[in-house]
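Worksheet for the structure shown next.
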Amino acid sequence: MRLAPLALIAPLALLVAAACGSSTASAPDAGATPDASATPDASAPPDATTPPDGGAMSQGELIFRRDCASCHGFGQGGARRGPDLFGVTARRPRMWLEHWLDDPAAVAAQNPYAQQLVAQWGGVVMPDPGLDALEIAAVIDFLAARAAIGPLPMTPPATLSEADAAAMRAVYFDRCAGCHGTLRAGATGPSLAPARAVELGTDALAATIRHGRPWGMPAWGDEGILDELQVTQLAAFLQAPVPPAPAWSLDDARASWQVLVPVDDRPTAPAHDRDWENFFGVILRDAGEVAIYDGATRDELARIDTGFASHILRASSTGRYFTAVGRDGWLTLIDLWASPPRAVAQARGCYDARSVEGSKHPGYEDRYAIEGCYWPSQYVVFDGLTLEPLAVHDVRGPAVGTTEPVLDEVRVAAIVAVPGEPAWALALKESGHVAIVDYTAPDLGVAARIDAVRFLHDGGLDHTGRYFLAAANAQHAIAVIDLQARALVTTIATGQLPHPGRGANWQDPVHGWVNATTHLGEPTLAIYGADPAARPDVAWQVVREVPTAASGSLFLKTLPASPWVLFDMALSTEPTTARQLCAFAKATAEVHCFDVSTTGPALQPEFDRTGSEVWVSVWHEQGEIVILDAVTLAEKARITGLDNPTGKFNVWNTAHDVY
Ligand code: DHE
């Protein structure tokens with residue numbers, strides 16, 4: 001199957017709302033197609049005597065199960081993303097079906113029936129299945145022949161040995177849990193709870209794992225990350241009960257804790273004459289390492305082991321230390337005054353984590369660090385200089401606006417140090433709260449829970465530091481939290497799956513101070529007013545909706561003085577656009593995109609301290625950092641031979657929340 005053409009990505013994203021976190025019960029079934037006949041009730045158990053074994057299956061059935069079943073059922077019932085195809089060959093002329101399967105976008109552009117169908121399915125044009133004429137004929141022959149027999153039996157899940165189940169548990173944890181949740185209740189990605197997984201069935205699950213989705217679900221099979229056996233085993237694992245997930249206590253965290261260089265043995269002044277506030281830490285995700293670069297000379301100064309699938313770095317308040325967080329929950333404290341920079345302490349606060357931040361309030365500089373866990377549902381406070389674990393607090397509770405029941409899984413997503421207060425603000429994903437943690441009393445637990453909106457993910461501060469702007473990406477909105485008033489101000493509907501990273505703050509020539517996000521699910525840069533004091537007329541309203549080249553954008557960045565807002569399209573399903581970076585001109589509101597890579601996606605622009613350069617990752621096993629002039633955007637240099645570089649963090653900008 002070919003990947004979805006670019007033009008289809010935006011409309012396809014409209015289905016995400018139905019898919020994310022809900023049962024998709026509102027999706028219409030086959031009977032709702034314009035001239036549909038009734039779909040038979042196929043609640044009968046799968047016919048295990050006709051399993052899809054290659055020899056007995058026609059080519060058309062093979063294609064249907066392998067590719068089409070991701071979105072379409074055939075009389076089995078249950079909510080799907082596309083219409084049920086039982087009886088479709090009676091409803092539509094063969095020639096229409098041939099054209100549709102050959103080029104859905106072209107048919108949708110001119111055929112009124114196709115347009116009606118697309119409108120009925122939430123504006124979604126089916127992705128081009130990439131079939132040749134013979135394959136199209138085989139699929140239509142199969143659909144016609146099978147309709148005469150009855151609903152298509154679901155493929156039974158593969159039988160998993162204990163070892164297979166353990167292996168799939170690890171695959172799920174590594175690849176799926178980040179979006180779908182450890183307990184599979186869904187958040188950024190849809191629920192994969194066993195009841196829903198059984199309803200979808202093996203074919204639908206395997207086809208989705210194999211081919212992915214255009215708005216962020218990776219094509220694990222097509223990309224060669226999972227082989228065909230793993231794809232079918234993972235589909236079976238999802239249909240089985242969720243295995244219990246273990247706890248990680250303060251004692252566990254303390255047992256993991258290691259001080260590699262005691263505080264007294266560390267330098268009392270920088271042991272080198274480099275501009276350490278302009279160092280970059282680069283995550284080498286798959287190597288589980290962080291590389292430290294001198295931002296002025298581009299010299300690589302150190303490589304440091306930082307745990308499985310390292311995720312991000314945050315600079316301590318003074319900038320002297322970086323703390324790395326791995327997806328395995330390990331924190332690594334890196335001393336940038338050492339020559340060369342080195343790890344000075346490590347500790348593990350959880351099994352699975354994505355966020356870390358330091359204490360920044362005057363009097364508390366570098367004193368504490370906090371880790372936000374994905375599993376278990378907790379945060380951990382550490383001593384900032386030694387990483388000694390000091391306190392573990394469970395964040396589970398009911399979702400916003402409800403009192404019961406307490407959610408089994410509440411993940412800690414983005415964390416910001418609250419300006420002007422000795423506190424952190426934590427985005428609680430599943431419950432939809434922003435938790436305020438007072439670090440003058442780490443033992444006391446959450447000081448306040450601000451009701452926001454469910455499925456909070458990433459975000460950052462506005463230009464004053466008073467507001468925390470957090471993406472509720474499955475709700476297609478940015479939540480505006482007033483950290484002083486400790487209250488939700490509003491939510492801004494920006495588009496499908498906003499993903500701002502930390503966001504970007506600048507002065508728009510017409511609308512004053514603004515903040516912005518790009519989107520995973522649609523090709524739009526949404527810019528909203530962010531100055532309620534001076535510009536209440538446009539505060540928290542979208543003031544510009546700028547079309548971009550593709551959806552799949554992960555990060556945007558600017559500096560106040562930069563003429564540009566730069567953003568990637570790293571998860572675009574179109575490889576050529578994924579390799580580009582785009583620049584929004586603040587003065588003219590025009591966007592232009594340009595190539596930065598010939599291999600992997602271009603990811604996460606990051607400015608240097610002086611604002612004269614921008615560093616961009618080429619996310620590939622033979623990856624690179626491409627260094628651009630921050631004004632002309634001309635390429636200045638490349639650092640090559642890096643294993644999957646992802647996030648880059650400039651000390652000054654990260655320590656001072658400049659974005
Ligand atoms: Fe991230 C930030 C979670 C996948 C690179 N990512 C964040 C934050 C969260 C998060 C909660 C905000 C942290 C903060 O500010 O305190 N990321 C998740 C996921 O749950 C998700 C979607 C799936 C998963 O299983 O992890 C995910 N992230 C990715 C990637 O695939 C990326 C591109 C590369 C990688 O690490 O595998 C990636 N995430 C990043 C980066 C940031 C980030 C570079 C920080 C951006 C910044 O400029 O500050």
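The first residue of the sequence shown is numbered 1, and numbering continues consecutively from there. Numbering of ligands and ligand atoms starts at 1, following listing order.
Every atom of ligand 1 is numbered from 1 in the order shown, and the set under 4.0 Å from a heavy atom of Ser355 is 13 (C), 16 (O). Every atom of ligand 1 is numbered from 1 in the order shown, and the set under 4.0 Å from a heavy atom of Arg285 is 35 (C), 36 (O), 37 (O). Interface atoms of ligand 1 facing Gln604, defined by a heavy-atom separation under 4.0 Å, are 46 (C), 47 (C), 48 (O). Counting the atoms of ligand 1 from 1 in the order shown, those under 4.0 Å from a heavy atom of Ala413 are 11 (C). The contact set between ligand 1 and Lys557, taken as ligand atoms under 4.0 Å from a residue heavy atom, comprises 47 (C), 48 (O). The atoms of ligand 1 that sit less than 4.0 Å from any heavy atom of Ile415 are 14 (C), 16 (O).
Residue contacts with ligand 1 leave out Glu606, since none of its heavy atoms falls under 4.0 Å from the ligand. Taking 4.0 Å as the cut-off, Lys429 does not count as a neighbour of ligand 1 on heavy-atom distance. Taking a 4.0 Å cut-off on heavy atoms, Arg327 registers as neighbouring ligand 1.
His463 and Trp513 have parallel rings, their planes meeting at less than 30° on a 0 to 90° scale where 60° marks the start of perpendicular.
For ligand 1, the polar-atom distance check finds no N/O of Thr646 at less than 3.5 Å from any of the ligand's N/O atoms.
Counting only protein N, O or S atoms, 1 lie closer than 2.8 Å to atom 1 (Fe) of ligand 1.
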